[in-house]
Colleague: 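Here's a structure for you.
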Amino acid sequence: MDHIKIFSPATVANVSCGYDVLGFCLDSVGDEMIIHKISEKGVKISKIDGYDLPYEIEKNVAGVSALAMYEALQPDCGFDIEIYKKIKPGSGIGSSSASAAGSVFGMNELLGRPLNKTELTKYALKGEALASQCEHADNLAPAIFGGFTLVRSVDPIDVLQLPTLGDLFATLIHPQIEIKTSESRAILPKNVALKDAITQWSNVGSLVHALHTNDYDILSKSLNDTIAEPHRKQLIPHFDSLKGEVIKAGALGCGISGSGPSIFALSHGEKMAKEVEKTMQNVYSKTEIPFYTFISKVNSQGIKIL
Ligand code: HSE
């Protein structure tokens, strides 16, 4: 095999209560990448379609992660990466992670899979850090492992795969404003109140329990964020009114997707997810801000070979 074409999915990080640790993988939106094994040594990017991103390896997240893996493995060949970017950078659904994870996944396949998914996450983290100026793996892990994941530790990297509820659907709205992850992280306080921390870790624990016991009711009760959302929601116009309407419409929960501006809701069943989508559209069509919405099942596979 001298080349591989892959679908590298969008992801929702944090899932309200799990800042920097929880995430899940989407099915309906993702980048496509073609990775070629070439005789010339080194890593290069020969095509970027969709968005204006740097071709220099050291400035491109897919390039940085690929280079980290390449230097560690020292293979007897080189790689040429083509990126067909569908996930808008700065949208809050793991655009940089899809690129960073895709390049290392593709190279690993072409080399006969010398690395496991945890090791791939370790190298992809180098690319992600370029985008957010911090090593967090809560978008990378669901893109690479699929389903819901919990990043127990980044150093050393340790990812736990969590089960997914069978009839769980996500609805997303992407208001067309850009929020840089680094800026959205910078507005968070360095310290949190003990009472907020207690609420947060009880919600993380109960969310994990809900996934293991297929309990939609406990999942719903767990989808609250006392740490990041109270600060970040100011960056997203109409967040409170949208969330209020979405919950009234019957969603299990609603929160900021990653560092925003996308907002996600989780619903029991596709019919409810569609209701929630209509509700989101109603709220935002009354504003001046362009937006798009979509529905997705949880993608339990992660990156797919096309
Ligand atoms: N956990 C990260 C954050 C995800 O919230 O900043 C970024 O997509």
Side-chain angles (χ1 to χ4, degrees), residues 8-26 29-31 51 61-62 64-65 85-102 121 124-145 148-155 157-160 162 170 172-175 177-190 192 196-197 200-201 203-204 207-208 223-236 239 243 253-264 296 299 302:
S8 196
T11 44
V12 172
N14 300 340
V15 202
S16 293
C17 56
Y19 179 71
D20 272 5
V21 298
L22 282 173
F24 67 86
C25 189
L26 296 169
V29 178
D31 294 343
Y51 292 95
V61 292
V64 170
S65 58
K85 197 93 198 115
K86 308 269 167 59
I87 314 170
K88 190 175 180 191
S91 56
I93 52 170
S95 178
S96 53
S97 291
S99 299
T121 309
L125 208 43
K126 301 295 165 202
E128 177 70 300
L130 177 73
S132 59
Q133 284 145 43
C134 167
E135 292 197 349
H136 63 88
D138 51 340
N139 288 107
L140 289 171
I144 291 171
F145 286 79
F148 276 81
T149 52
L150 185 133
V151 180
R152 198 195 58 77
S153 153
V154 279
D155 188 18
I157 185 76
D158 189 8
V159 175
L160 307 181
L162 302 171
L172 281 100
I173 179 164
H174 177 202
I177 53 172
E178 188 181 339
I179 299 178
K180 286 205 161 61
T181 299
S182 50
E183 285 161 17
S184 185
R185 295 178 79 82
I187 64 162
L188 298 179
K190 295 282 166 284
V192 298
D196 293 334
Q200 198 85 346
W201 60 57
N203 281 327
V204 175
L207 189 143
V208 171
L223 289 168
N224 285 304
D225 178 6
T226 56
I227 307 285
E229 186 178 296
H231 302 278
R232 287 179 161 175
K233 66 181 184 180
Q234 293 130 31
L235 302 174
I236 306 171
F239 177 82
K243 180 170 174 170
C254 174
I256 301 170
S257 175
S259 54
S262 290
I263 301 167
F264 79 98
S296 177
N299 163 2

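Ligands are counted one by one from 1 in listed order, and the atoms in each one are counted from 1 as well. Residues take their numbers from the sequence shown, with the count starting at 1.
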Colleague: With a 4.0 Å cut-off, would you call Asp31 and Lys86 a salt bridge?
Modeller: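 Salt bridge: no.
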Colleague: Can you name the salt bridge (charged side-chain N to carboxylate O under 4.0 Å, His left out) partners of Lys233, sequence neighbours left out?
Modeller: Asp240
Colleague: Using the salt bridge (Lys or Arg N to Asp or Glu O under 4.0 Å) rule, collect all pairs that involve residues 14-25, keeping only residues at least two apart or in two chains.
Modeller: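 Matches after skipping sequence neighbours: Asp20-Arg185.
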Colleague: Looking only at non-hydrogen atoms, find the nearest pair between Leu130 and Val61 and report the distance.
Modeller: CD2-N, 3.8 Å
Colleague: For ligand 1, list all ligand N or O to protein N or O distances below 3.5 Å, rounded to 0.1 Å.
Modeller:
{"unit_1": "ligand 1", "atom_1": "1 (N)", "unit_2": "Asn14", "atom_2": "OD1", "d": "2.8"}
{"unit_1": "ligand 1", "atom_1": "1 (N)", "unit_2": "Asp20", "atom_2": "OD1", "d": "2.5"}
{"unit_1": "ligand 1", "atom_1": "1 (N)", "unit_2": "Asp138", "atom_2": "OD1", "d": "3.3"}
{"unit_1": "ligand 1", "atom_1": "1 (N)", "unit_2": "Asp138", "atom_2": "OD2", "d": "2.6"}
{"unit_1": "ligand 1", "atom_1": "5 (O)", "unit_2": "Asn14", "atom_2": "ND2", "d": "2.8"}
{"unit_1": "ligand 1", "atom_1": "5 (O)", "unit_2": "Arg232", "atom_2": "NH1", "d": "2.7"}
{"unit_1": "ligand 1", "atom_1": "5 (O)", "unit_2": "Arg232", "atom_2": "NH2", "d": "3.3"}
{"unit_1": "ligand 1", "atom_1": "6 (O)", "unit_2": "Arg185", "atom_2": "NH1", "d": "2.7"}
{"unit_1": "ligand 1", "atom_1": "6 (O)", "unit_2": "Arg232", "atom_2": "NH2", "d": "2.9"}
{"unit_1": "ligand 1", "atom_1": "8 (O)", "unit_2": "Asn139", "atom_2": "OD1", "d": "2.9"}

Colleague: Evaluate the criterion salt bridge (charged side-chain N to carboxylate O under 4.0 Å, His left out) for residue pair Lys243 and Glu229; output intermediate values, then yes/no.
Modeller: CA-CA 12 Å; Lys243 180 170 174 170; Glu229 186 178 296; 2.9 Å; yes
Colleague: What pairs with Glu135 under salt bridge (charged side-chain N to carboxylate O under 4.0 Å, His left out), at least two apart in sequence or on another chain?
Modeller: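 With neighbours one apart ignored, the set is Lys126.
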